[in-house]
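Just so we're clear, the structure is a prediction, and the values are computed from it rather than from any experiment.
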Amino acid sequence: MRTLLAATMAVFLLAPAAHAADDDVKTIETDTAFADVTSGIENAIVNRGFKVDYHGFIGDMLKRTATDVDAGKALYKDAEFFTFCSAVVSRKVMEAEIGDIAYCPYVVFAYETEEKPGAVTVGFRTLPAGAERDAVNALLSEIITDAAEGM
């Protein structure tokens, strides 16, 4: 029994750490200008009949607080996110699984790094597969595809 326990612990301790962005974030990289991508996110949300609840400027916040936190390097030329929810979509998701309230509001983000100017990444954190959550992932995929094209 001790051998089995030791072997199991060794597997967990030696296994590489998981990267959240690899596991549950879907992104598209585009050469569309950052301002066009963020405008595209907002348009893609609004044109589907949803309301942007919050538009956050995380890149500006990180720049503004860099000296306060002794930042080692500049990360983003620009980085923003948009949150929204849908009464229709969210109700379906939560009726299927009441705990899926954890995924609302939905967040779509875009960023352009200092290290790779001109390449804009747009994406979202995926919901676990299954039930009504698949429809949300499809909706968010459509939104980032539209945004990557600057629509």
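With values rounded to the nearest 0.5 angstrom, Y76 atom OH is found 10.5 Å from F34 atom CZ. Between atom CZ of residue F82 and atom OG1 of residue T38 there is a gap of 5.0 Å, rounded to the nearest 0.5 Å.
Using a 4.5 Å heavy-atom cutoff, the side chains of F84 and P105 are not in contact. For the pair R48 and L139, the minimum side-chain heavy-atom distance is below 4.5 Å. Counting heavy atoms from C-beta outward, T83 and V52 have side chains that stay 4.5 Å or more apart.
Applying the side-chain hydrogen bond (donor to acceptor under 3.5 Å, both in side chains) test to T30 and every residue at least two apart in sequence or in another chain returns T32. The salt bridge (charged side-chain N to carboxylate O under 4.0 Å, His left out) search around E97 returns none, not counting sequence neighbours. With sequence neighbours left out, the side chain to side chain contact (heavy atoms under 4.5 Å, CB included) criterion links A119 to E29, K116. Remark: E149 pairs with no residue by the salt bridge (charged side-chain N to carboxylate O under 4.0 Å, His left out) rule, at least two apart or across chains. N43 is linked by a side chain to side chain contact (heavy atoms under 4.5 Å, CB included) to S39, N47, counting only residues two or more places apart in sequence or in another chain. When the side chain to side chain contact (heavy atoms under 4.5 Å, CB included) test is applied to V136, the partners found at least two apart in sequence or on another chain are V89, V93, Y106, L127, L140. Residues meeting the side chain to side chain contact (heavy atoms under 4.5 Å, CB included) test with A66, sequence neighbours left out: A71.
Applying the side-chain hydrogen bond (donor to acceptor under 3.5 Å, both in side chains) test to every pair with at least one member in residues 124-144, sequence neighbours left out, gives these pairs: K26-S141, D100-R133. Sequence neighbours left out, not one pair with a member in residues 108-151 passes disulfide bond (SG atoms under 2.5 Å apart). The salt bridge (charged side-chain N to carboxylate O under 4.0 Å, His left out) contacts involving residues 65-82 comprise K73-E115, where partners must be two or more places apart or lie in separate chains. Counting only residues at least two apart or in different chains, disulfide bond (SG atoms under 2.5 Å apart) contacts with residues 106-151 are absent. Screening residues 79-126 for disulfide bond (SG atoms under 2.5 Å apart), with sequence neighbours left out, gives C85-C104.
In this structure, the side chain of T27 does not engage the main chain of G123 through any donor-acceptor pair within 3.5 Å. With S90 contributing its side chain and A87 its backbone, the two residues share no donor-acceptor pair below 3.5 Å.
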Residue pair L62, F57: steps toward the side-chain contact (heavy atoms from CB on, under 4.5 Å) verdict: CA-CA 9 Å; L62 291 171; F57 298 85; over 6 Å; no
Working for side-chain contact (heavy atoms from CB on, under 4.5 Å), residues F124 and V107: CA-CA 6 Å; F124 66 94; V107 179; over 6 Å; no
Audit row: I41, F81, side-chain contact (heavy atoms from CB on, under 4.5 Å) steps and yes/no: CA-CA 9 Å; I41 293 171; F81 67 92; over 6 Å; no
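A 6.0 Å sphere centred on NZ of K63 holds more than 12 heavy atoms belonging to other residues, nucleotides or ligands. For I58, the CD1 atom is loosely surrounded, since the number of other residues' heavy atoms within 6.0 Å does not exceed 12.
Between E114 and A74, the shortest heavy-atom contact is CG-CB, 3.7 Å.
Taken together through direct or relayed side-chain contacts under 4.5 Å among Ile, Leu, Val, Met, Phe, Trp and Tyr, Y54 and Y111 form part of one hydrophobic cluster. Under the 4.5 Å side-chain contact rule for hydrophobic residues, M61 and L75 share a cluster. With hydrophobic clusters built from ILVMFWY side chains whose heavy atoms lie under 4.5 angstrom apart, V120 does not share a cluster with F109.
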